[in-house]
Each structure stands twice: as structure tokens, then as C-alpha cells.
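Remarks on the structure that follows.
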Amino acid sequence: MHTHFPIMISPDQPNFKTHFAELLRLAASKVASSDLAAPIELTRTKQASHGDYACNLAMQLAKPLRKNPRDIAALLIEAIPASPYLEKVEIAGAGFINLFLKTSAKQQFLFYVLQSGSEFGHSSVGKGKKVQVEFVSANPTGPLHVGHGRGAAYGASLANILTAVGFTVEREFYINDAGRQMDILTLSTWLRYLALHDITVPFPTNAYQGEYVRDMARLIQAAHGVRYVHQPNQLLQDLPLMSQEGVIDTEEQLNKLIANTKTILGQDYAYIHNFVLTEQLGDCRNDLMEFGVVFDHWFSEQSLFDNGMVAQAIQLLEQKNYLYQQDGAIWFRSTDFGDEKDRVVQRENGQFTYFASDIAYHLNKFERGFEQIIDVWGADHHGYIPRVKGAIQALELDPKKLEIALVQFAVLYRNGNKVPMSTRSGEFVTLRELRQEVGNDAARFFYVLRKSDQHLDFDLDLAKSQSNENPVYYIQYAHARVSSVLTQWDEDVAILSNANTEMLTDLVELALLQKLIDFHDIVETAAKEFAPHLIAFYLRELASDFHSYYNATRFLVPEIPVRNARLALITSVQQVLRNGLELLGVSAPEKM
RNA sequence: GUGCCCGUAGCUCAAUCGGAUAGAGCACCAGCCUUCUAAGCUGGGGGUUACAGGUUCGAUCCCUGUCGGGCACGCCA
């Protein structure tokens, strides 16, 4: 194919915005002899009368140059080099410089979209740098619920976007398989197993209540019969007093039960512990896979203990003099790094805290050579940030490499009421249930339809009753409509690369073309700001522009040049819709 | 009580890190299918950006205070 961009600065990735910014930079270097510290910022205009791109440079220069912004703008415009893509430049308002992109440049841009295909929107600004996105990382103590779903959708979309702009991305799931919660789940399962053999012990109210615990007990029974059955008298030994007869509800009681269970089961405890872990992890993995969320690496917290890495990390802090002993425990001086208080890394009983293994985990991440480490956390962990960043600084690692993306929890509403959610009580709506109710596509899209640090009100009744009015269908419908037109046209799409796009002069058509041009910037901004929702909003706007076009214009007209030009346009729109949906993990159906 | 986040149309949310007349969707009202998919389109009403000050050419955005909401403040994970 012959090139349509004779003097484009970057023929591989025609980017008019950066091109114009470069022109203005050249102009500014002539006008303001002193060097400019700030980069030139161009924004897309909201109104067509303001051109395609606007720049506020003149207003920013007003103070240092001690001149009227409009006068500066005039000087800048005078100094702008000629460009084959620049139609005209105007001064407006308080001193805005409005740049108009040549219509021919917009028209020819279509060839670039068609040629790039599924690669359109991708770039190489990431330069192949190694980035890790760690997300979900839910305790494997029960099914994923709708809160996890948001982290999953966000992290997966973010990873896709970072990949699209040229980073080498690793998706990691951190398995909390070392803590007390796993012991509680093991105990819960064993108690349900005993109940299957008519040995009833009061089931602690603060143990895991969910039906899936009984399911696991049945699996163990089916595989091993009575092998793990023991009489309960030893189990209740030395149990702290019950507040009411037959009710176990304190943490001390739970701890004693766990300790007794370990004694009674001996070697067998590890089997049940391992069984429930494998079972829950497998369930979690399948659930996420069905949701289109796949991880490159599953990292076990337990492995940090097994390999001695936790002890090593703590020793390292000790060597650097950031630890001290008090009340029998070992503390890390996180207050040296702005934390509210110092934090325990090793308890009085000799056990390391979760924080200790997290220090080792992050040290390990740095040792793996990532240039950027992104932790996606639930917003309830925000207080945890200073101590982790503090530990990283204490280890003399670069805290700027670690970025914490906080995702607010999704709050579920049913019949206008908040749905209570607690994993242990078993009262929660699972991600699976949600996916079955509204579908994977709608769920993936709905989750990223708002900024991640905003609370998400998820109205189940609305999602269910209005599933056909979900915005995702609006976008998918636009995609399917194009497919339908192309099917009826019934010719090879390849010939559209010879279309005469100068036929596209209608205002709606030019607006659509400009929208396609915007896609690159949207993806890059989404990557820079960790903001997948920008893609979702962009796609809705693009679909909206398309639907209007569809209703106002007939594509399959007898005049072949007009027809092919319009088909080239809508084929390009379809391509961008598909590429954008792909980033969000949403399917792009040919038919609806 | 202390710290962090938030407060934008009736509802759910945007607003390209300080820019031009604050935008969408849902809901509501009035129209559009004999022609490429009506899961669509066109038009309409809807706002003192919680409140009060401050900073400057210019504030939803930055600063201070007040009110209201969420979260976190364990030798839990």
C-alpha cells in the first residue's frame, strides 16, 4: 500500500496532537527565548467552532513574559512552522490558540485505521518495560463475591491497556495461604465433616458458615470415608467458657479449637488444610477464567515462609536498624517514614505478622526486576499504604516504582436496600451469581464504567430488569450493525483501502473521523492514569456518533465511490469498537 | 476522637490533573420503522458543582473552615 502521509512526523503512528504540540513548541522557542520548563499541553475542543485542538500556552506565558495573552498568542501563531496537516490557527477568548486539522488529514486517517486493524490504538510508549499488576488476591476461604469482581475487572482491563501501549505486563495473584483464616476454614470444614458422621459439636458463629464448606466436607467424606473422624471430647478440651450454653462465639474459643484440631489430627491436619486450599483456589481460578480474567502467575504467601524469605527480609530491616523490641514483640519503625505508628512484624509468640510476609513479598517483587509494580487493593486497605511504602524505603528500594491503585468496594442493593456482605457469615452475592444474572459482558463493562476510586452502587434489580438497556449492549449493537451492513454488501473489505475518502465531507462524518483519531490518546491517557473507565466512556460516545450516522445516512447506495467511502468509515468504526471492547474484556458480537 | 477518600441534574456517574456555554445514561414529555438490525434515532424540560470564604486572567478541580457520607485506625489477614 502506498503511503498517505507524505510528511507525517511519525508515519507508523500518525498523531496529530503531538505533531501540533511540536509545532507550538518550535513557535514558543522563538517567541520566548528562555527555555520552557512545562510541556506543551493540547486539549481536544468541545465545540467545533473552536477547531480540533486548543492550547492555553499563551495564557501560561502571560505572567513570565509580562504580556497580554492574546498578544502572545498572535506572536506564537506567527511563528508556527508550516504543516501539511494544519488548516488554520485562530486566537479565541482570553488567549486560546485553536488549531484546525485539515479535512484531508482526517479523511486519509481512515487508511491508517484499516491498515492497522486490531493493532490500531496500540503504541510503543511503554517501550517494553516490565510491569507487574497484582490484583484480586482474595483470601482462598470462599467464593469470590461481587467486591472481588470489581478488582478483577479493573485489574484485567488495566493490564490489557498497559499491554496495548507497549509495556510487558505480568498479571499476578497473591495467595494468602499462610494465615489464620485458612485455619478457620480448615476447622469449619472438619466440623461439617464430623457432622456428616453424626458427631455434632456446636458450630462456632465466627467460623465459615457458607454452604460450600459443607460441600467440601462431603467431598472429603466421599473420598476418605471415616478416616478423619475423631471423638469430640478432646476437641472441646480447655475451651474458654461459653457465654451461653452451646454457643461458641469468641476468637479465643476459635483459636483453642484450631489448636486442639491440630493436635487431634496430627499429620492429617495438613491434608485437610491443603485440600480446602486447593479446592477454593481451583474454584477461584475457574470463576475468574470464565470472567475472562487470567493470571500469569499465582504467588503463594506460604512459599515466602518455606524459603526463609520472610526471615531474611526481617533480618535485612534489622541490619539497617529499623527494628526494635518492645512488649516481647519486634516492631518496625514505620513512623520514620510517615506512618502513624510503628508496626509489629514478629509477635510475642514468635509468629510473623501478615505485614512481615508482605514486606518479603514486595522485596521479592523488586528483586524480580519490574520497573513498575502496581498493587490493586480494596480501598479499605488505604491505611496500609504508608507502612508498606515505608518498608520499601527502609530496604533502600525506590518507592516510586510501587503504585497502589485503590478500588472502592461495590455496594450491592436489592429492593433498595444494602445487601449485607460478610464472607464468614456466608451472606454474600457471589461473582458467579452476578455473572449468571447479568452476563459476563455486562458485568465486565459495568464494573469499569466509573472511576475506580468512586463507590460503586450495584443495583441488582436494575441490572437484572434492565439488562437490555445496559450501556454495553448499546456499544455491541453498533458493532453488530456494521457487521450486518457488510454482510449485505457482500464484497471483500480489502477493496475499501482504495476508497475515495474525500467523499466524506458531512459534519457527522468528519466528527466520526476525529473520534477515531482520538482513540490513541484515550488509550494512552487510560494507561497513564490507570483509568479503564475512560475507554468505556469513549466507546459509548463513539457508538453514539455511529448510531446517529446510521440513522441519518444510507450506506449501501448505488454510487460506488460514495458507498465505498462510507463503508470504509463504518468498517473503521467497527474496528475501533472491537479494539476498545477487547481492552475491557467485552465481546464484540457480529449479530445481536 | 485522629487520618485518608468523597459530596456535580430526580437517580447513577463524567468532565483529558486550573480553561471557553459543566456533559452522558436512566427516568419523564413529544415525534421517527414499506428502504442497510427501533437493543436505534430526533427534539424538549431539567444545575447557585453541599455551604461560606480565600488564591488569579479564569476554580467542579488548589487552600482554610463548616455540614453530610464512606473507609481505616489489632501482636487479624
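In what follows, every chain begins at residue 1, and chains take the letters A, B, ... in the order their sequences are listed. Atom set for the values below is all heavy atoms of this structure, side chains included, hydrogens, waters and symmetry mates excluded.
Tyr384(A) comes within 4.0 angstrom of a nucleotide base, judged by non-hydrogen atoms across all strands. Among the protein residues, Gln346(A) comes within range of no part of the nucleic acid, since none of its heavy atoms lies under 4.0 Å from any strand. Within 4.0 Å of Asp327(A), counting heavy atoms only, lies at least one base atom of the nucleic acid. Within 4.0 Å (heavy atoms only), Ser137(A) reaches no atom of the nucleic acid at all. If you check every strand for non-hydrogen atoms under 4.0 Å, His547(A) touches sugar and phosphate atoms only. Contacts of Ala54(A) with the nucleic acid, taken as non-hydrogen atoms under 4.0 Å apart, include base atoms. In this structure, Ala92(A) reaches the bases: a heavy-atom distance under 4.0 Å links it to at least one base atom across the strands shown.
Distance noted for atom C1' between C28(B) and C67(B): 32 Å (whole Å). Atom name P, nucleotides A38(B) and G46(B): the rounded distance is 32 Å, in whole Å. On the P atoms, U8(B) is 15 Å away from G47(B), given to the nearest whole Å.
In this structure, Leu57(A) places its CG atom 17 Å from P of C57(B), rounding to the nearest Å.
Of the possible donor and acceptor atoms, one in the side chain of Ser157(A) sits under 3.5 Å from a partner among the backbone N and O of Ala153(A).
Stacking of the aromatic ring of Phe96(A) onto the base of G19(B) is not found under the criterion of centres within 5.5 Å and planes under 30°.
A salt bridge links Glu134(A) with Lys365(A): the closest approach of a Lys/Arg side-chain nitrogen to an acidic carboxylate oxygen falls below 4.0 angstrom.
When each of A15(B), G40(B), A77(B) is scored by its nearest atom to the side-chain atoms of Arg481(A), the top-ranked nucleotide is G40(B). Nearest nucleotide to the Arg450(A) side chain, out of G19(B), C4(B), A14(B): A14(B). Residue Trp331(A) has its side chain nearest to C75(B) when only A14(B), C73(B), C75(B) are considered. Side-chain atoms of Met592(A) lie closest to A39(B) of the nucleotides A39(B), C36(B), U16(B).
In this structure, Ser544(A) OG and Leu539(A) CG are separated by 12.0 Å, a value rounded to the nearest 0.5 Å.
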Would Tyr361(A) and Glu301(A) satisfy side chain to side chain donor-acceptor pair (under 3.5 Å), going step by step from the backbone distance to the final call?
CA-CA 8 Å; Tyr361(A) 179 42; Glu301(A) 179 190 2; over 6 Å; no
